[in-house]
Amino acid sequence: MKTIALELNTFPLTALMDKSLDSWGIKDRHSRFIYTNRAFLDCFNLPPGVDIIGKRHDELPSCVAEFLANLRQEEKNVIKSGQRTTLIKAHLLRHKQKRHPYLYEIFPLYNQEGRCVGTVFYGKKPDTFSLPPIRYFYAI
């Protein structure tokens with residue numbers, strides 16, 4: 001068991017995210033992207049190869065501007081409270097040209113000293129419609 005725990009410490013979190021078909025990303029305290037996986041780019045209809053690292057949502061070529069104030073406030077709340085939040089977004093998927101709801105969880109990201117340095121987000125299509133408490137609905 002100790003060997004497995006040691007091995008798990010050597011795997012970066014992004015290795016899991018890279019292989020996932022669900023949307024994953026990491027942002028710093030200023031809402032700048034540090035990491036996203038391919039599924040996230042697909043959700044926002046961003047072309048392959050677009051470089052979003054170091055950018056905020058308002059610097060992306062997508063239609064999220066009307067929801068940025070609420071999204072940024074939710075990220076600030078997560079950083080301040082240390083508690084995750086749940087959001088619903090509707091994405092227009094490129095390959096289907098139809099809006100699909102996505103359930104997003106935003107978690108605080110801590111460094112080794114225990115200081116919150118940003119957020120980790122995870123999004124997936126809901127399997128059911130029994131949802132946790134939702135603060136906002138975003139149609140993107």
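A quick note: this is a predicted structure, and the numbers were derived from the prediction, not measured. Throughout, residue positions are numbered sequentially from 1 according to the sequence presented. All values below come from the heavy atoms of this structure, side chains included, with hydrogens, waters and symmetry mates left out.
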Using only atom types and a distance under 3.5 Å, with no angle test, would you say the side chain of [X] pairs donor to acceptor with the backbone of [Y]?
| X | Y | value |
| --- | --- | --- |
| Asn37 | Met17 | yes |
| Asp22 | Lys124 | no |
| Glu74 | Leu71 | no |
| Arg29 | Cys116 | yes |

Taking all heavy atoms of Glu105 and all of Thr86, pick out the closest pair and write down the distance.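 That would be OE1-OG1, 3.0 Å.
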Taking all atoms of both residues into account, what is the closest heavy-atom pair of Ala39 and Ser20, and its distance?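 In terms of heavy atoms, the two residues are closest at CB-O, 4.3 Å.
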Hydrophobic clustering (ILVMFWY, side-chain heavy atoms < 4.5 Å, transitive) - are Phe40 and Val78 grouped together?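 Yes; Phe40 is reachable from Val78 via cluster members.
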Would you say Leu16 and Val120 are hydrophobically clustered, going by side-chain heavy atoms of ILVMFWY under 4.5 Å?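 Linked within one cluster.
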Side chain to side chain donor-acceptor pair (under 3.5 Å) partner of Ser31, the single match among His57, Glu75, Lys55: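 The option that passes is Glu75.
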Parallel, tilted or perpendicular: which describes the rings of Phe33 and Phe121, with under 30° parallel and over 60° perpendicular?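 It falls in the perpendicular class, over 60°.
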Output, in order, the C-alpha distance, side-chain angles, deciding distance and verdict of side-chain hydrogen bond (donor to acceptor under 3.5 Å, both in side chains) for Tyr104 and Ser23. CA-CA 9 Å; Tyr104 273 85; Ser23 179; 3.2 Å; yes
With Tyr35, which of Asp18, Leu13, Ile52 fulfils side chain to side chain contact (heavy atoms under 4.5 Å, CB included)?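 That would be Asp18; it is the only one of Asp18, Leu13, Ile52 passing the side chain to side chain contact (heavy atoms under 4.5 Å, CB included) with Tyr35.
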Atom CD1 of residue position Ile53 - does it have more than 12 heavy atoms of other residues, nucleotides or ligands inside 6.0 Å?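 Yes - once you tally the heavy atoms of other residues, nucleotides and ligands closer than 6.0 Å, there are more than 12.
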Could you tell me the separation between the CD1 atom of Ile34 and the CG atom of Asp28, rounded to the nearest 0.5 Å?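 CG of Asp28 is found 5.0 Å from CD1 of Ile34.
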Got a second to check how far Arg38's CZ is from Leu21's CG, nearest 0.5 Å?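 Separation between the atoms: 12.5 Å.
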Are Tyr122 and Phe107 an aromatic pair, judged by ring center distance below 6.0 Å?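 Not under 6.0 Å, so no.
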Answer yes or no: is there a side-chain heavy-atom contact under 4.5 Å between Thr119 and Ile26?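 Not in contact.
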Can you find a heavy atom in the side chain of Thr85 that is under 4.5 Å from one in the side chain of Asn77?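 Not touching, per the 4.5 Å side-chain cut-off.
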Under the side chain to side chain donor-acceptor pair (under 3.5 Å) test, residues paired with Glu113 that sit two or more places apart: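 Partners of Glu113 under the side chain to side chain donor-acceptor pair (under 3.5 Å) test: Asn111.
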